[in-house]
**Student:** 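Please read through the structure below; I'll follow up with questions.
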Amino acid sequence: GSMGDNLLSARNSVIRFLKQGNQDDEYFLIIFNEQSFLVQDFTSRSENIQNRVSTTTPKGQTALYDAIYLGLEKIRDARNEKKALIVITDGEDNSSRYTFSELKDFVKESDVQIYVIGEKGDIGYGRGIIAQIVRLTGGRAFFPNNFKFLDYFCDLINTELRNQYLLGFSSTDPNFKGQWKKLKIKIRPPQGLPKLSVRAREGYFAPHR
């Protein structure tokens with residue numbers, strides 16, 4: 001319900017984001033209040049998402065954890081290898097069935113980048129919780145002062161998703177079968193470049209073998 005004043009900005013920014021996609025992209029849409037609803041299944045037709053966004057009405061509370069959990073479950077069905085979940089919310093969680101601990105465990109199992117845009121003034125203590133979630137996935141969280149700046153952050157997310165490196169390695173450590181294994185990536189930039197920062201998954205579950 002608190003999204004009433006921000007819904008128009010959110011709709012317009014989502015539509016703008018979709019228009020920057022290409023024919024190989026696919027999307028689904030979840031809306032949430034005290035419950036989470038899959039209102040558009042996977043589709044490569046961005047206009048299907050636009051139509052559903054345009055008819056969304058603000059009401060109810062904020063089951064943020066449940067919405068992310070449902071999104072991660074759904075995205076397992078994606079046909080493309082690269083997956084991202086983009087969350088727009090103006091409030092912290094206040095009605096989810098899933099706990100933060102349960103959500104964090106599921107995030108660790110999911111090979112999905114999570115991006116969250118939350119309004120700075122209303123997200124409160126939820127900022128730290130959101131930051132933990134996105135760091136696990138190599139995504140980012142943005143907290144603008146108000147949703148008038150949504151276009152900028154949606155454009156930034158779109159650019160990042162289409163300009164990334166894929167790194168791989170094979171561990172020689174046999175002692176982490178099925179366990180969470182932390183990762184830390186360091187870079188050595190060429191001389192003359194400013195300090196660079198890396199965003200990547202914080203770890204992975206080692207396979208059983």
Side-chain angles (χ1 to χ4, degrees), residues 14 17-18 20-53 56 62-89 93 95-118 126 129-141 154 157-158 160-171 176-183 185 199-209:
V14 169
F17 180 87
L18 294 169
Q20 298 178 65
N22 62 54
Q23 62 183 7
D24 295 322
D25 293 335
E26 59 177 356
Y27 314 91
F28 65 89
L29 178 67
I30 288 172
I31 61 172
F32 62 99
N33 41 42
E34 60 270 11
Q35 293 181 290
S36 302
F37 307 91
L38 177 69
V39 296
Q40 174 60 60
D41 208 336
F42 274 111
T43 177
S44 58
R45 295 174 59 86
S46 61
E47 58 267 30
N48 292 345
I49 300 289
Q50 294 178 36
N51 292 338
R52 297 312 302 258
V53 167
T56 301
T62 307
L64 179 61
Y65 303 162
D66 289 355
I68 295 175
Y69 203 101
L70 177 60
L72 293 176
E73 284 186 321
K74 183 61 192 174
I75 212 166
R76 287 175 165 176
D77 300 330
R79 70 167 187 264
N80 291 323
E81 185 175 355
K82 188 174 185 59
K83 307 174 185 69
L85 190 66
I86 301 170
V87 184
I88 299 175
T89 180
D93 187 277
S95 62
S96 283
R97 293 179 299 108
Y98 288 105
T99 65
F100 173 62
S101 178
E102 289 171 327
L103 175 61
K104 192 164 71 168
D105 288 343
F106 194 34
V107 168
K108 285 182 176 181
E109 298 172 12
S110 305
D111 187 17
V112 180
Q113 280 185 282
I114 300 177
Y115 289 85
V116 180
I117 307 175
I129 288 173
I130 288 171
Q132 287 187 56
I133 291 172
V134 299
R135 277 201 307 267
L136 284 170
T137 72
R140 294 180 74 182
C154 284
I157 292 170
N158 181 71
E160 285 199 4
L161 289 174
R162 301 188 187 282
N163 294 276
Q164 295 180 337
Y165 290 95
L166 178 64
L167 303 177
F169 77 101
S170 180
S171 175
F176 286 90
K177 295 179 181 179
Q179 298 180 29
W180 176 254
K181 193 174 179 73
K182 283 195 170 184
L183 283 174
I185 299 174
R199 283 192 309 278
R201 289 183 60 87
E202 287 193 346
Y204 68 99
F205 280 106
H208 292 275
R209 59 184 176 185

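Each residue takes its place number in the sequence, starting with 1.
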**Student:** Grab the two heavy atoms, one from Asn80 and one from Asp25, that are nearest each other, plus how far apart they are.
**Tutor:**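 Looking at all heavy atoms of both residues, the closest pair is ND2-CA, 4.2 Å.
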**Student:** Applying side chain to side chain contact (heavy atoms under 4.5 Å, CB included), run through Tyr65 and Thr99 and close with a yes or a no.
**Tutor:** CA-CA 7 Å; Tyr65 303 162; Thr99 65; 5.8 Å; no
**Student:** Which pair of non-hydrogen atoms, one from Phe106 and one from Arg76, has the smallest distance, and what is that distance?
**Tutor:**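 What the structure gives for the nearest pair is CE1-NH2, 3.0 Å.
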**Student:** State the CG-CD1 distance between Asp77 and Ile75, to the nearest 0.5 angstrom.
**Tutor:**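 If we round to the nearest 0.5 Å, Asp77:CG and Ile75:CD1 are 10.0 Å apart.
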**Student:** Compare every heavy atom of Asp24 with every heavy atom of Arg79, then report the nearest pair and how far apart it is.
**Tutor:**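 Minimum heavy-atom contact is NH2-O, 3.4 Å.
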**Student:** Looking at Ala84 and Leu161, what are the two nearest heavy atoms and their distance?
**Tutor:**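 Ala84 and Leu161 have their closest heavy atoms at CB-CD2, 3.7 Å.
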**Student:** Can you name the residues that form a side chain to side chain donor-acceptor pair (under 3.5 Å) with Asp105, not counting sequence neighbours?
**Tutor:**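 Asp105: no side chain to side chain donor-acceptor pair (under 3.5 Å) contacts found.
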**Student:** Return the OG to CD distance between Ser46 and Gln40, rounded to the nearest 0.5 Å.
**Tutor:**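 Ser46 OG to Gln40 CD: 11.0 Å, rounded to 0.5 Å.
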**Student:** As an exercise, state the distance from CD1 of Ile129 to NZ of Lys104, rounded to the nearest 0.5 Å.
**Tutor:**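 If I round to the nearest 0.5 Å, the distance is 10.0 Å.
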**Student:** Taking side-chain contact (heavy atoms from CB on, under 4.5 Å) as the criterion, tell me which of Leu103, Asp93, Val112 meets it with Ile68.
**Tutor:**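 With Ile68 as partner, side-chain contact (heavy atoms from CB on, under 4.5 Å) holds for just one option, Leu103.
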**Student:** Where is the tightest heavy-atom contact between Leu18 and Gln50, given as atom of each residue plus distance?
**Tutor:**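 Heavy-atom minimum between the residues: CD1-CG, 3.7 Å.
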**Student:** Working note: Arg201 + Leu136, criterion side chain to side chain contact (heavy atoms under 4.5 Å, CB included); need CA distance, chi angles, decisive distance, verdict.
**Tutor:** CA-CA 5 Å; Arg201 289 183 60 87; Leu136 284 170; over 6 Å; no
**Student:** To the nearest 0.5 Å, what is the distance between CD (Gln20) and CD1 (Ile157)?
**Tutor:**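 Spacing of CD (Gln20) from CD1 (Ile157) equals 11.0 Å.
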**Student:** Please check if any side-chain donor atom of Asn48 sits under 3.5 Å from a side-chain acceptor atom of Thr43, or the reverse.
**Tutor:**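 Yes, Thr43 and Asn48 have a side-chain donor paired with an acceptor closer than 3.5 Å.
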**Student:** Applying side-chain contact (heavy atoms from CB on, under 4.5 Å) between Val87 and each of Leu64, Ile30, Ile117, report the one that passes.
**Tutor:**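 It is Leu64, the one option of Leu64, Ile30, Ile117 that forms the side-chain contact (heavy atoms from CB on, under 4.5 Å) with Val87.
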**Student:** Who are the side chain to side chain donor-acceptor pair (under 3.5 Å) partners of Glu73, not counting sequence neighbours?
**Tutor:**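 With sequence neighbours excluded, Glu73 shows a side chain to side chain donor-acceptor pair (under 3.5 Å) to no residue whatsoever.
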**Student:** Using 0.5 Å steps for rounding, measure from the CZ atom of Phe37 to the CG atom of Leu29.
**Tutor:**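 It is 12.5 Å, given to the nearest 0.5 Å.
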**Student:** If only side-chain N and O atoms count, and only distance matters, is there a donor-acceptor pair under 3.5 Å linking Glu160 with Tyr115?
**Tutor:**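 A donor-acceptor contact under 3.5 Å links the two side chains.
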**Student:** If you look at every heavy atom in Thr89 and Val116, which pair is closest and at what distance?
**Tutor:**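 In terms of heavy atoms, the two residues are closest at CG2-CG1, 4.3 Å.
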**Student:** For the OH atom on Tyr165, are there more than 12 heavy atoms of other groups (residues, nucleotides or ligands in this structure) within a distance under 6.0 Å?
**Tutor:**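 Open: at most 12 neighbouring heavy atoms sit under 6.0 Å from OH of Tyr165.
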**Student:** Evaluate salt bridge (Lys or Arg N to Asp or Glu O under 4.0 Å) for Lys182 paired with Glu202, printing each intermediate quantity in order.
**Tutor:** CA-CA 6 Å; Lys182 283 195 170 184; Glu202 287 193 346; over 6 Å; no
**Student:** Mark yes or no for whether Gln113, through its side chain, and Lys83, through its backbone, hold a donor-acceptor pair below 3.5 Å.
**Tutor:**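 No, the answer is negative, given that no donor and acceptor are paired below the 3.5 Å cut-off.
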**Student:** Tell me if a side-chain donor or acceptor on Ser36 pairs with a main-chain N or O of Phe32 at a distance below 3.5 Å.
**Tutor:**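 Looks like no, no N/O pair under 3.5 Å.
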**Student:** Evaluate the criterion side chain to side chain contact (heavy atoms under 4.5 Å, CB included) for residue pair Phe42 and Tyr27; output intermediate values, then yes/no.
**Tutor:** CA-CA 5 Å; Phe42 274 111; Tyr27 314 91; over 6 Å; no
**Student:** Pair Glu34, Arg97 - check side chain to side chain contact (heavy atoms under 4.5 Å, CB included), show working.
**Tutor:** CA-CA 9 Å; Glu34 60 270 11; Arg97 293 179 299 108; over 6 Å; no
**Student:** Side chains of Phe28 and Lys74: closer than 4.5 Å at any heavy-atom pair?
**Tutor:**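 The answer is yes, as the side chains (C-beta and beyond) meet within the 4.5 Å cut-off.
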**Student:** Do Arg135 and Arg199 have side chains that get closer than 4.5 Å, going by heavy atoms?
**Tutor:**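 No, side chains not in contact.
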**Student:** CZ of Arg45: more than 12 outside heavy atoms within 6.0 angstrom?
**Tutor:**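 Result for CZ/Arg45: open.
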**Student:** Can you say whether the rings of Phe205 and Trp180 are parallel (under 30°), tilted (30 to 60°) or perpendicular (over 60°)?
**Tutor:**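 Rings of Phe205 and Trp180: perpendicular, over 60°.
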